[in-house]
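Notes for the one structure printed next.
Quick note: numbers below take in every heavy atom, side chains included, and nothing from hydrogens, waters or symmetry partners. Every chain is numbered from 1 and lettered A, B, ... according to where its sequence line falls, protein lines coming before strand lines. Predicted model only: the values in this text are computed from it and were never measured.
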Amino acid sequence: MTGLWLMKSEPHVYAYADLVADGRTHWDGVRNYQARNMMRDQMKEGDLVLYYHSNTKPPHVAGVAKVVREGYPDHTALDSTSKYFDPKATADNPRWSMVDLEPVVECPTAVSLETIKSDPLFEGMPLIRRGQRLSIQPVEDVHFRRVLMLAGLDADDVMGA
DNA sequence: GCCAACGTTGGC
DNA sequence: GCCAACGTTGGC
């Protein structure tokens, strides 16, 4: 069973196009325990990710990515020159985790938050819950497939029938 | 362990 | 730029 996730990124910081250009990235800088725990304990190689652009107009799902390396220490926590430096992190206890991602496919049509909110099928999805700030969220199969459909993608192609 | 102050996220 | 909703910090 493939795990399904949504991960937020501000496109002016690191957009889906940047992931495509880089071919692969470390998802570093997450400093929230809930999000860390999901990366450290639950995300598995091959899991699929909706790549969500936050803090932009309009906010939207831009593409699909996949997990290519499971949770391991986020070394930026130990780097005093990094903006993600955490003085409480040590080599023995790095505190924070990250995963590696690769792009799968860009959405032919970006799926806006408004589109998701206006579709009753998405009722109950954490993304549209008021005050939901978590930058990594689990996504239900039915929601994942619907986003792909709205993006103009074939869910069976992307997810494997 | 409580809780006020503060910082961050992220839609609007 | 505003502000609601949280999460974190630190004094007590």
Side-chain angles (χ1 to χ4, degrees), chain A residues 3-22 25-43 47-67 71-101 103-104 106-140 142-153:
Chain A
L4 301 172
W5 307 93
L6 178 143
M7 295 169 90
K8 298 180 185 173
S9 183
E10 303 190 18
H12 58 91
V13 177
Y14 197 81
Y16 187 76
D18 296 318
L19 177 61
V20 172
D22 290 346
T25 198
H26 314 296
W27 205 256
D28 58 13
V30 171
R31 296 294 178 266
N32 169 282
Y33 287 109
Q34 257 182 288
R36 179 206 63 183
N37 292 348
M38 284 188 265
M39 289 199 289
R40 189 187 61 188
D41 307 330
Q42 292 179 256
M43 295 181 83
D47 282 4
L48 293 172
V49 176
L50 295 175
Y51 197 104
Y52 180 82
H53 284 169
S54 64
N55 244 316
T56 188
K57 288 180 185 174
H60 61 277
V61 175
V64 181
K66 71 177 171 192
V67 177
Y72 64 106
D74 179 349
H75 53 74
T76 62
L78 300 170
D79 177 359
S80 61
T81 67
S82 169
K83 67 171 175 167
Y84 300 124
F85 177 63
D86 177 354
K88 291 180 184 167
T90 64
D92 279 348
N93 180 16
R95 265 185 126 209
W96 302 108
S97 296
M98 61 185 180
V99 297
D100 287 359
L101 296 182
V104 173
E106 184 173 10
C107 294
T109 305
V111 182
S112 71
L113 180 62
E114 190 185 5
T115 300
I116 293 173
K117 279 183 165 173
S118 66
D119 186 336
L121 187 127
F122 290 109
E123 208 169 306
M125 192 182 188
L127 180 69
I128 59 175
R129 207 163 60 220
R130 192 179 153 79
Q132 180 52 266
R133 301 179 308 157
L134 202 54
S135 65
I136 303 177
Q137 306 175 1
V139 178
E140 289 175 31
V142 61
H143 294 157
F144 203 98
R145 287 176 182 276
R146 182 70 151 205
V147 170
L148 296 183
M149 194 203 79
L150 292 168
L153 293 163

Under 4.0 Å between a side-chain N or O of A:K57 and OP1 or OP2 of B:dG11?
-> no
N/O (side chain, A:Y33) to phosphate O (OP1/OP2, C:dC6) under 4.0 Å | no
Whole-Å distance separating the CZ atom of A:R129 from the P atom of B:dT9 | 19 Å
Using whole Å, report how far NE2 of A:H53 lies from C1' of B:dG11.
-> 16 Å
Which pair of non-hydrogen atoms, one from A:M38 and one from A:I136, has the smallest distance, and what is that distance?
-> CE-O, 3.0 Å
Taking OP1 and OP2 of B:dG11, is either one under 4.0 Å from a side-chain nitrogen or oxygen of A:K8?
-> no
If you take all heavy atoms of A:M39 and A:S97, which pair is closest and at what distance?
-> CE-O, 3.1 Å
Atom CD1 of A:I128 and atom C1' of B:dT9: how far apart are they, to the nearest Å?
-> 18 Å
Between B:dG11, C:dG7, C:dT8, which nucleotide has the shortest distance from any of its atoms to the side chain of A:Q34?
-> C:dG7
Considering only side-chain heavy atoms of A:L113, which listed nucleotide, C:dT9, B:dG11, C:dG7, is closest?
-> B:dG11
Can the ring centroids of A:Y33 and A:W96 be said to lie less than 6.0 angstrom from one another?
-> yes
Using a cut-off of less than 4.0 Å, is there contact between a side-chain N or O of A:R133 and OP1 or OP2 of B:dT8?
-> no
Between A:Y51 and A:H53, ring centroids under 6.0 Å = yes
